[in-house]
Amino acid sequence: MEQERKTPTPSVRLQRLPGYGRGRVRQGAALLHRLGSNEAPDCPSPGIVAAMSEAMVDSNRYPDLRGETLAAALAAYHGLEADHVAVAAGSIVVLDQIIRAWCDPGDEVVSAWRSYEAYPIIAGLAGARLVEVPLDRDWKLDPDAICTAIGSKTRVVLICNPNNPTGTMLPRGEIDRLLTQIPGDVLVVLDEAYVDYAAEAVEVASGPVERLGQYGNLVILRTFSKAWGLAGLRVGYCLASPEAISIIQATQPPFPLPRPVLAAALAVLADRDAIVTRVARNQCERERLARGVRTLGLPIAESDTNFIWLPVGDAANALTGHLAAAGIAARAFAGEGVRITTGTGDDTDAVLAALRTWNALAASAGV
Ligand SMILES: *Cc1c(COP(=O)(O)O)cnc(C)c1O
């Protein structure tokens, strides 16, 4: 007797998740310029690599239970007590912990949209619904619209500032106005992955202290993946009230960060001059890119990050393909725009050259 073979199917909420793309375009040409994932263009310094190698010697021993040596160093950097910090293998992981800790299936997470593409995946995994609030005409977050979208099922509001992939930033005063208006029983996650690159970067270290004192429902997300140059090692953290930190840690398996990763992160924190240098160079390349793009008459949003956003609408895929043919990996958001990371001077030259030929093609096609 033949029985029909069945296979176990995953949950409906898993089947419905959007995919998370990598910043690559599969093309024949070798992609010499990796400008699709907003990584830092330079390798870790020899000092960081040495710190990692040294830590490998103790690989037979478990690392910190909760990454507490790193949490303590981060607390000192921000002028907070250590019980205000939780670390994990990337700030995406911290966000996943947060959503799982505060949301039940059917709850709502409010976020501006277009924003970080991991948000709908993380909300969907927890069975929560992402309520997408359109950006304003300058591709910026719209605080009033975000407040209006908060309802009785809203458990978490995500604020990505500066925003990925548009690069735009709301000034401090506007974020504070927004925080004041959000009800105290709604958790606010302020994702500041790119804050080091912002013009207001003076407050990168000290800004959170005041805000955490003022808003008990606030969690600030930071990462070592962007200006701090360690995307490949996976380190992120959050700053919040001690109560929120213990809730977040309750969702975390023990030993989140391996010894060499902890050592590298500590070495990065001890060498902040390298970060300052990286940020300064980024600003220089970003301005050069933006000036070039404007000269070509292409649309571009204001950027406070290590990438630029070209809102080219329906041309997004074609432009990304054109860049890929020139050896440049960028990120297409179909029908909306293209995000290009700012890298080295060579990268900037290559992008501007490719955009020039793109313009020439458009001109000859009579567009
Ligand atoms: C890159 C990025 C992150 C960083 O995630 P990690 O897991 O720390 O690498 C977080 N939020 C946004 C908006 C990002 O663009």
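Atoms within a ligand are numbered from 1 in the order they appear, just like the ligands themselves.
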Quiz prompt | Electrostatic pair E336-R114, nearest N-O below 4.0 angstrom | solution = yes
Practice problem: For ligand 1, list the protein residues that place a heavy atom within a distance below 4.0 Å of one of its atoms, sorted by chain and number. | Solution: G90, S91, I92, Y116, C160, N164, D191, A193, Y194, T223, S225, K226, R234
Quiz item: When you look at CZ of F255, are more than 12 heavy atoms from neighbouring residues, nucleotides or ligands closer to it than 6.0 Å?
Solution: yes
Quiz item: Do Y237 and H78 make the cut of ring centroids closer than 6.0 angstrom?
Solution: yes
Quiz prompt | Aromatic contact, W228 with Y197 (centres under 6.0 Å) | solution = no
Quiz item: What do you reckon, is CD of E81 surrounded by more than 12 foreign heavy atoms closer than 6.0 Å?
Solution: no
Exercise. Tell me, please, which residues at least two apart from R172 pass side-chain contact (heavy atoms from CB on, under 4.5 Å).
Key: D176, E200, E203, E210, R211
